[in-house]
Amino acid sequence: MKQVEQNYRSGVLRLIEAPVPRSGRGRNLVATRVSLISAGTEKQIIDLARSSLAGKAMARPDLVRKTLQKVRNEGLLPTVQKVFAKLDTPIPLGYSLAGTVVEAGAEAGGYAVGDRIACAGAAVANHAEYNAVPKNLSVRIPAGVCDEAASFVTLGAIALQGVRVANPTLGERVVVMGLGLIGQLTVQLLKANGCRVLGFDPNPGRAKLALEMGADVAVSDALDEAVRGFTEGYGADAVIVTASSKSSTPPNQAAEISRMKGRVVMVGLTGMEIDREPFYKRELDLRLSMSYGPGRHDPAYELEGHDYPLAYVRWTEQRNMQAFLELVAEGRVTPLKLVTHRFPIAEAEAAYKLMDTDEPFLAILLTYPETPAPIARSIPVNPGAAAATGRGTAFIGFGNYAKSVLVPALKKASKERLTTVVTSTGLSAHDAAQREGFANAATDPQAVMDDADTDCVFIATRHDSHASLAAAALRAGKHVFVEKPLALDHDQLADVVAAAEGAPGVLTVGFNRRFAPMMIAAKGAIASRAGPIAMHYRVNAGHVPGDSWLHGAQGGGRIVGEACHFVDALTFLAGGPPVSVSAFRPEGIDDTVSAVLRFADGSTGTILYSSLGDSSLPKEYLEIFASGTVVRLDDFRKLHITTGGKTTTQSASAQDKGQAGLVKAFYAAARDGAAAPIPLDELIAVSEATLDIAGV
């Protein structure tokens, strides 16, 4: 299928061929009929992508601070590799479309094949021939509304939410500042609400268009004077700012033209350095509108399909989308008047080039063929890279960790032929295949399971799919490297263990700490111990926002998802799996735990995994006490060994947590018949102990 992508590092925009995404639980596969280029929003993204690294840094100082902290903790080179890997990942453009359901997903809103629906959402409703759309980001298109008009659904919801936040009443005088697409729609929505409307835009053509859209007054200069006449000197009851500007002039000008106790609503992206005086003297109410409405930026609502009860949240983003289309059906909102250009999807690059010219434009539509392209979920990208010998490696899942850590480790460990890369979106699969040299890009893991030329599979998806994908790959006769955790519950673990016990392939889990040079040296320092050891592993894990997928069903929680690393490290040092565990958590805090492990030889280990600390402190600190020797490992940067009253220290300029060593050991087992990197009984015991610590 054809899809538009934007490279965030180079600034290059292009139309590519990508594999079609899958429908699934909560998602429908939609064949796009029309998608709308939101010139304001998308132009900002494109301009930022084209800017220098310094320009990008100035635009996101919050990310710069995080990057500098990462440099201090992990070293310059690993941090730079991760940053550039992130920047090199292309992003999809588009967030508003109309199309037809071609595959109806389970629990996906009750849509049927052939239903016409309008879809919203960045990275969801893309400029692509097919999109997999969650149910809460789609609505049925009413009879009588054409696909072109329905493609405005996202911008309509944004405009409608801004009007709702303004809370206008019948007869109020409202000013709309900025008469781009959202501003023009806002004018019509206010008129439908019984308001008198003054529109303002420095562009005289847009002011003229606002009059055609129903504004009572529209001006391109002398705004203060126009508002005084329009409001009989009182000032506007409400000002809705739909302009886009780096300057803080729009909100401050809005304050100057407001009446006493008026409302200023910010919909557009502007500077927000507010002059206190006019807001204070008029006791103004400053409100910010959150895009499409309640549910926006909430993964549980948008991606997982959990709706808000109508009795408590009357107007969610989906219900705003529906209300907008109903107004279009009634003829009270007429978005087709805003269309200035139409391009077939095959000419999408020309559509974006138009925005760099002096030619006037407003709404630009991309149209798609009447007959959708065949659905292909695996496509060749580098056919010459195919592994004709049956000895090739595939990846299922290709996020930042796979890209910046696993693939470099793989290329260092073995000259592997890369067969297929599978991701949930065709865009990321195509990019990974092209960048890393995979023969094929796919969105369906079955393409890997069925491929006779693939014998090694790396699984780097979100946690909830690790066990099922690992079990399927093992049953297909593959060698499997699956990122941690192996499973999220005991049933998942039992399934993958059953598959591993009867499979010819090797199972490896990404417990890399035991392969770190400093961890190996630490174990060597206590090799002559005469009895049990005592260990303490402190992990300053840092805060992860509550809406992160790590906390939800896909992640299984941070204890299962990451504490398994430290259970495995203690298992490695003790020389065998734990025989008992106990764990305690601070009340009401799910991602902090104190765990005590006991091993068969009498050794003990404690793990303090905490999200409560200061992130400026290094993440990991390990102490081992054994037969007169004390070993201290400080965040894989320094190793101190104290024995006989003398301390020796090893230092490293960059962390090595063992990823390369683990990948090398995996290929030694898969290709050369060496022993599995981690014995199966230890993989099982570590996973069971972690699940017990998490209380699963």
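For the side chain to side chain contact (heavy atoms under 4.5 Å, CB included) with N512, the qualifying choice from V405, V663, L662 is L662, the only one to do so. Screening F481, F438, Y401 for a ring pair (Phe, Tyr, Trp, His ring centres under 6.0 Å) involving F458 leaves a single residue, F481.
Ion pairing between R529 and D601 holds under the 4.0 Å rule for side-chain N and carboxylate O. With salt bridges taken as basic N to acidic carboxylate O contacts below 4.0 Å, one links D568 and R514. Between E562 and K484 there is no salt bridge, since no side-chain nitrogen of the basic residue lies less than 4.0 Å from a carboxylate oxygen of the acidic one. With respect to R417 and D453, no salt bridge is recorded, no charged nitrogen being found less than 4.0 Å from a carboxylate O. Salt-bridge formation is detected for the pair E620/K657: a Lys NZ or Arg NE/NH1/NH2 atom is positioned less than 4.0 Å from an Asp or Glu carboxylate oxygen. Under 4.0 Å is where a charged nitrogen must lie from a carboxylate oxygen, and between R27 and E103 no such pair does.
No side-chain heavy atom of V596 sits less than 4.5 Å from a side-chain heavy atom of V581. Contact check for I607 versus V593: no side-chain heavy atoms found under the 4.5 Å cut-off. Using a 4.5 Å heavy-atom cutoff, the side chains of I559 and Y609 are in contact. Between L406 and E483, some side-chain heavy-atom pair lies under the 4.5 Å cut-off. Under the 4.5 Å side-chain criterion, counting only non-hydrogen atoms from C-beta, I533 is not in contact with F625. You'll find the side chain of I624 stays beyond 4.5 Å of the side chain of V630, heavy atoms only. Side-chain contact check for T606 versus T604: every heavy-atom pair is 4.5 Å or farther apart. Taking the side chain as every heavy atom from C-beta outward, K411 and E436 approach each other to under 4.5 Å.
For the 3.5 Å distance criterion, the side chains of S428 and T425 qualify, holding a donor opposite an acceptor. No hydrogens or angles considered: nothing links the side chains of S611 and H543 as a donor-acceptor pair under 3.5 Å. Side-chain contact, E416 with T393: a donor N or O sits under 3.5 Å from an acceptor N or O. Counted by atom type alone, D635 and Q655 present one or more donor-acceptor pairs between their side chains at under 3.5 Å.
For the atom pair N131 CG and S23 OG, the distance stands at 12.5 Å (nearest 0.5 Å). Interatomic distance, OG of S404 versus CD of Q659, reported as 9.0 Å (0.5 Å rounding). Here M518 contributes atom CE and D656 contributes atom CG; the two are 9.0 Å apart, rounded to the nearest 0.5 Å. Interatomic distance, L639 CG to L633 CG, rounded to the nearest 0.5 Å: 6.0 Å. With values rounded to the nearest 0.5 angstrom, M1 atom CE is found 10.0 Å from R377 atom CZ. Annotation: the span from I396 atom CD1 to S465 atom OG amounts to 8.5 Å, rounded to 0.5 Å.
In this structure, D672 contributes its side chain and A674 its backbone to no donor-acceptor pair below 3.5 Å. Although no hydrogens or angles enter the test, the distance criterion places no donor-acceptor pair under 3.5 Å between the side chain of H466 and the main chain of A460. Remark: the backbone N or O of R558 is not paired with any side-chain donor or acceptor of D591 at under 3.5 angstrom. With Q492 contributing its side chain and L488 its backbone, the two residues share a donor-acceptor pair below 3.5 Å. Side chain of S687 to backbone of L683: a donor-acceptor contact under 3.5 angstrom is found. Using a distance-only test at 3.5 Å, with no hydrogens or angles considered, a donor-acceptor pair links the side chain of D444 to the main chain of Q446. Counting only distance, with no hydrogens or angles, the side chain of R25 and the backbone of G105 share no donor-acceptor pair below 3.5 Å. For S548 (side chain) and V544 (main-chain N/O), no donor-acceptor pair under 3.5 Å exists by modelled atom type. Between the side chain of R632 and the main chain of Y621, no donor-acceptor pair closer than 3.5 Å is present. Distance alone, capped at 3.5 Å, is enough to place a donor-acceptor pair between the T571 side chain and the V567 backbone.
G561 approaches H463 most closely through the heavy-atom pair CA-CE1, 3.8 Å. For the pair V496 and A470, the tightest heavy-atom approach, listed with the atom from each and the gap, is CG2-CB, 3.7 Å. Residues G628 and T643 approach most closely at O-OG1, 3.8 Å, considering heavy atoms. Annotation for A471 and D495: closest pair CB-OD2, 3.6 Å, computed over non-hydrogen atoms. In terms of heavy-atom proximity, L29 sits nearest to P21 at CD1-O, 3.4 Å. Taking both residues in full, the closest heavy atoms of A402 and P408 are given as O-CD, 4.4 Å, listed atom of the first, atom of the second, then distance.
Under a cut-off of 6.0 angstrom, the local environment of NZ in K664 is sparse, with at most 12 non-hydrogen atoms contributed by other residues, nucleotides or ligands.
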Item checked: CA sep, side-chain torsions, deciding dist, call: L680, L507, side-chain contact (heavy atoms from CB on, under 4.5 Å) -> CA-CA 8 Å; L680 181 60; L507 173 63; 4.1 Å; yes

Notebook entry, point to check: Would T649 and H640 count as a side-chain hydrogen bond (donor to acceptor under 3.5 Å, both in side chains) if you check the C-alpha gap in whole Å, the side-chain angles of each, and the deciding distance to 0.1 Å?
Noted result: CA-CA 5 Å; T649 300; H640 309 277; 3.1 Å; yes

Margin query: Apply side-chain contact (heavy atoms from CB on, under 4.5 Å) to residues L486 and L493 and explain how you reach the verdict.
Written below: CA-CA 7 Å; L486 179 57; L493 181 60; 3.7 Å; yes

Next item on the list: Start with the C-alpha gap between K478 and D451, add the side-chain angles, then the distance that decides, and say whether salt bridge (charged side-chain N to carboxylate O under 4.0 Å, His left out) holds.
Entry: CA-CA 10 Å; K478 316 294 185 185; D451 183 13; over 6 Å; no

Note to self: Set out, in order, the CA-CA distance, both residues' side-chain angles and the distance that settles side-chain contact (heavy atoms from CB on, under 4.5 Å) for L617 and R538, then state yes or no.
What the structure shows: CA-CA 11 Å; L617 188 73; R538 186 268 296 152; 4.0 Å; yes

Next item on the list: Go through the steps for D590 and H551 under the test side-chain contact (heavy atoms from CB on, under 4.5 Å), then give the verdict.
Entry: CA-CA 9 Å; D590 292 335; H551 295 294; 5.9 Å; no

